[in-house]
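None of these values were measured; they are calculated from a predicted model. Throughout, a chain's letter reflects where its sequence line sits, starting with A, and its residues are numbered from 1.
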Amino acid sequence: DVKVTQSSRYLVKRTGEKVFLECVQDMDHENMFWYRQDPGLGLRLIYFSYDVKMKEKGDIPEGYSVSREKKERFSLILESASTNQTSMYLCASTRGKGASGQFFGPGTRLTVL
Amino acid sequence: SQQGEEDPQALSIQEGENATMNCSYKTSINNLQWYRQNSGRGLVHLILIRSNEREKHSGRLRVTLDTSKKSSSLLITASRAADTASYFCATDEGSGGSNYKLTFGKGTLLTVNP
């Protein structure tokens with residue numbers, strides 16, 4: 001059964017902390033994505049990666065960075081967490097060739113106090 | 001930037017009825033996709049329709065695409081309580097390369113009452 005897993009379902013951090021959200025997929029997908037989901041705003045793309053060590057900014061990259069050292073793993077980093085980064089974070093992956101649906105992880109609900 | 005906009009924002013029906021959700025978008029697309037999200041969970045891909053297709057079926061799902069009106073509809077027939085979820089449309093605008101970046105709408109919350 002194909003899977004996208006995220007390191008935590010729930011996370012509580014303090015303002016100013018550095019936060020790492022990990023995402024792993026076992027489908028050998030080239031493309032990986034990080035979204036945040038907020039009520040009334042839907043899903044917004046933060047960053048995506050189409051190959052190892054490659055990354056591109058999405059619609060709302062400010063305050064975030066990413067790392068993709070291995071094909072199966074895509075990490076989202078909050079350099080200095082702020083309360084406005086409290087959100088549901090969703091990771092997704094898709095293959096590199098041919099249009100197909102994205103596979104999503106279960107999400108990480110991050111609360112920044 | 002928001003591309004797809006679903007309508008209605010919320011829909012409540014009885015089990016056995018059909019549910020129709022609509023999606024409008026603004027720019028040309030390569031394909032349009034529909035996803036389902038159960039409360040507090042990740043999204044699940046339901047169906048993809050390419051820009052040169054007009055209708056597609058998958059089980060109890062029927063999707064139509066009208067590129068001249070820049071709109072799509074998702075029909076769920078004979079709904080069940082388990083269909084209760086949020087439904088999102090997402091557009092692949094095909095800006096080039098193989099990134100397959102999607103832009104999601106804000107979703108329709110469907111409630112199916114037993």
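Smallest separation of non-hydrogen atoms from A/Q102 and B/H45: O-CB, 3.9 Å. For the pair B/K101 and A/F48, the tightest heavy-atom approach, listed with the atom from each and the gap, is CD-CE2, 3.3 Å. Shortest non-hydrogen contact noted between B/F88 and A/L43 is CE2-CD1, 4.2 Å.
Heavy atoms closer than 4.5 Å to chain A are found in the side chain of B/Q37, but not in its backbone. In this structure, the portion of A/Q37 lying under 4.5 Å from any heavy atom of chain B is its side chain and not its backbone. Heavy atoms of B/L102 lying under 4.5 Å from chain A belong to its backbone as well as its side chain. Both the backbone and the side chain of B/L43 come within contact range of chain A, each with at least one heavy atom under 4.5 Å from a heavy atom of that chain.
For B/R54, the CZ atom sits in a packed shell: over 12 heavy atoms of surrounding residues, nucleotides or ligands are nearer than 6.0 Å. With a 6.0 Å radius and a threshold of 12 heavy atoms from other residues, nucleotides or ligands, A/E79 has its CD atom above the threshold.
Interatomic distance, B/F104 CZ to A/Y35 OH, rounded to the nearest 0.5 Å: 4.5 Å.
Residues A/M32 and A/M88 fall into different hydrophobic clusters, defined by Ile, Leu, Val, Met, Phe, Trp and Tyr side chains chained together at heavy-atom separations under 4.5 Å. No continuous path of ILVMFWY side-chain contacts below 4.5 Å connects B/L75 to B/L65, so the two sit in separate hydrophobic clusters. Linking Ile, Leu, Val, Met, Phe, Trp and Tyr whenever their side-chain heavy atoms come within less than 4.5 Å leaves A/L45 and A/L76 in two separate clusters. Note on B/I29: it clusters hydrophobically with B/I49, by side-chain heavy-atom contacts below 4.5 Å among ILVMFWY residues. At a threshold of 4.5 Å between side-chain heavy atoms, the hydrophobic network of Ile, Leu, Val, Met, Phe, Trp and Tyr places B/L110 and B/V44 in two separate groups.
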Intermediate values then yes/no, side-chain contact (heavy atoms from CB on, under 4.5 Å), A/R9 and B/R41:
CA-CA 9 Å; A/R9 288 299 319 278; B/R41 309 296 297 187; 2.7 Å; yes
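Below 4.5 Å, heavy atoms of chain B meet heavy atoms from A/G105, A/P106, all part of residues 105-113 of chain A.
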